[in-house]
Amino acid sequence: MICQGNGFIKKFNVQGRNFSHAGIVSTKIKEILEEIGIAPAIIRRAAIASYEAEMNIVMYADHAEVILCLSLSAINITFKDKGQGINNIELAMQEGYSTATDEMREMGFGAGLGLPNIKRNADKLDISSSPGKGTTLDVTFYLNGKK
Amino acid sequence: MNNSHYYHSIRIEEDKCNGRMKCMHVCPTQAIRVRNGKAIILEDRCIDCGECITICPEGAIVPLTDPFGELSKFRHTVAIPSPALIAQFGRDILPYEILNGLKKLGFDDAFDLINTCGQVSFAINEYLNEHKGPKPVIFNSCPTVVRLIQVKYPSLIDHIISLNVPREIAGREVKKQKSAQYGLDEKDIGTFYITPCPVKMLSIKQPAEKGRSYLDGAISISDIYGPLLSAMESVERRSYKKSLQNICILGIGWAMVGGISRTLRLKNSLAVSGISEIIKVFNDIEQGKLNHIDFIEAYSCPQGCVGGSLTVENSYISYNKILKIVERLEYEEIKACSDIRYIRKLFAQNYFSMKRKAEPRPLKPLDSNLAAAIQKMREKEEIYESLPKIDCGACGSPTCMTFAEDVVKADAEITDCIFKLADDYKLQLESAKERRTDTDDSNDKGKKEEKNDT
Ligand SMILES: Nc1ncnc2c1ncn2[C@@H]1O[C@H](COP(=O)(O)OP(=O)(O)OP(=O)(O)O)[C@@H](O)[C@H]1O
Ligand code: SF4
Ligand SMILES: [Mg+2]
């Protein structure tokens, strides 16, 4: 993790399967970045990626801890969930792949675009998962150029 | 405090304000603070929605609109009433009565803005058909909505429709026609918008798009209501049915939320009113949840302009009056709008286009230096964590979070929080005691230690 010493760290909790609070954490992250004065284009990318990651937690996990960590050079966000995990990450990363239920599709999710969208918007994305236990996404956005 | 100066349509009369903080709690952008028992407005945060005007029990927050006397400054004056004016009177009063009543009041002429609204509705349809940019397209007639985007949602600026608003088009056309007709200069023609809200006054004095306005002033519906009511008594009556024949259904819809989408029969549009509702929808747009929607009709006031803070009639009643007119026109298939082919021609000639775009006006970050901003953010979190988080407002800031921010920005002292003041007082008491016990014999030392443990 890049964020140590003189950075800013904040932890959030996301409750899985609770659609009534869905999107709140990504909105808070966006507001913090705005208050700190991060460039709007970077905020936009970070907001979209956080939203997709948060929604995946809401849909496929039980609970997660989200850690925002901001240093002079980068924004790093980790989404560490406890839940079903992902069996085949390579497959999950493919556009159009989704295991969303009919109910989720009814709400407008399940196009299988979330993870690819995170990858497209982030400067760096690490995913690890143990099936049956949970998934961790580590997303980084560089503040000085790169992408 | 802020060097960029924003003109606002709202002013607090200090001697009337008794610091009850109702305005501070109702403000949707946290733009009000109470300092030394008086409310103040933070200019860069205010979006002129007028919620504070409506809620203040002392009437200490006043809108800046133009007095009637301004008319004498022009050689020829034209009233351009908002469609919401029609909704203020009983069922029998229709645009015909209103326009004639305004002339009796002293205007040389009165212009039927409803017809222009109808033209712009057609233009919106054309615009949406051609639109290739980001979706949904956001409606721009309510200046508060545009200001909300400038201040809090700068990333949505490109969603704002780039068509001019009917009142400005009307102002422009009136000036052109009348100056030609009377051989006068355009600036001798006074164009006065009859407004349901103070923010439209602001959009005349300081347009979001930084251009100039074709309107010379705004007169509040509440100021003109009484005189207009008496003036209309001497207007020769026509039958209700006959007066209906001249109303463009697409235009009358502009007075109420959802009216444009309904009369245009848009399939994929949303209509929202009320700032807190709009904020929810804008969050969804930012998160990409509404890409499938074509058009968002958003009004700051509840029920649309019929609920403007300078209107007189209860907004449910006025909404209903507009709705009934729309239903009647639909039923009787009355089509008094301009010819669509004519509008298409005008549209192609950019008659409706907005030349300039609204510019983002984001709030200033905690500090312009990144390291300092991060440091302040940490301090702000620390302060916030130490507060009781009950948003009581006694400190003069609307929430514990805004208070923490005010302290970090040095706009407030930590002891302005009554809980902190109490802690501070206890601390002083303890240390005073300590000093005393140090000099005393160690008699009550045990007691003191016990206390320190808790
Ligand atoms: N945190 C997670 N825990 C368990 N499974 C996950 C998690 N995130 C993603 N997945 C799996 O990966 C698949 C693809 O995810 P992705 O976000 O790309 O699409 P989606 O969520 O199905 O649809 P969309 O994001 O377009 O609404 C999901 O259907 C799900 O099976
Ligand atoms: S909704 Fe209409 S009346 Fe209310 S602020 Fe906006 S423009 Fe003015
Ligand atoms: Mg997803």
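Both backbone and side-chain heavy atoms feed into the values below; hydrogens, waters and symmetry mates do not. Keep in mind it's a predicted model, so treat the numbers as computed, not measured. Chain letters run A, B, ... following the sequence lines, proteins first and then strands; every chain starts at 1.
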Q. Under 6.0 Å from the NZ atom of Lys389(B), do we count more than 12 heavy atoms belonging to anything else shown?
A. yes
Q.
Surrounding NZ of Lys135(B) (heavy atoms of other residues, nucleotides or ligands, distance under 6.0 Å), is the total greater than 12?
A.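 Buried by this count: over 12 neighbours within 6.0 Å.
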Q) Do you know which two heavy atoms are closest between Gly7(A) and Ile374(B), and how far apart they sit? A)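 Nearest pair, atom of Gly7(A) first, then Ile374(B): C-CG2, 3.8 Å.
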Q | Minimal non-hydrogen separation, Leu370(B) against Leu72(A), with atom names | A | CD2-O, 3.5 Å
Q | Portion of Gln375(B) that has a non-hydrogen atom of chain A nearer than 4.5 angstrom | A | neither
Q | Region of Asp367(B) in contact with chain A, defined by heavy-atom distances below 4.5 Å | A | backbone
Q. Given side chains that start at C-beta, do those of Lys10(A) and Met377(B) come closer than 4.5 Å, heavy atoms only?
A. no
Q: Give the intermediate values and the outcome of side chain to side chain donor-acceptor pair (under 3.5 Å) for residues Thr27(A) and Gln287(B).
A: CA-CA 9 Å; Thr27(A) 302; Gln287(B) 291 173 334; 3.2 Å; yes
Which atom pairs, donor and acceptor, lie under 3.5 Å between side-chain atoms of residues 102-113 of chain A and protein residues at least two apart or in another chain?
| residue | atom | partner | partner atom | Å |
| --- | --- | --- | --- | --- |
| Arg105(A) | NE | Ala100(A) | O | 3.2 |
| Arg105(A) | NH1 | Gly110(A) | O | 3.0 |
| Arg105(A) | NH2 | Ala100(A) | O | 3.4 |

What distance do [X] atom [atom1] and [Y] atom [atom2] have between them, rounded to the nearest 0.5 Å?
X	Y	atom1	atom2	value
Ile9(A)	Glu381(B)	CD1	CD	11.5 Å
Lys289(B)	Met55(A)	NZ	CE	6.0 Å
Tyr153(B)	Glu34(A)	OH	CD	8.5 Å
Leu363(B)	Glu31(A)	CG	CD	10.5 Å

Q) Top residue by heavy-atom pair count (under 4.5 Å) with chain A, among His292(B), Lys152(B), Glu405(B)? A) Glu405(B)
Q. When only pairs under 4.5 Å are counted, which of Leu366(B), Asn283(B), Asp284(B) shares the most heavy-atom pairs with chain A?
A.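 Sorted descending by pairs with chain A, the first entry is Leu366(B).
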Q: Under 4.5 Å heavy-atom distance to chain B, tell me which part of Ile43(A) shows up: side chain, backbone, both or neither.
A: neither
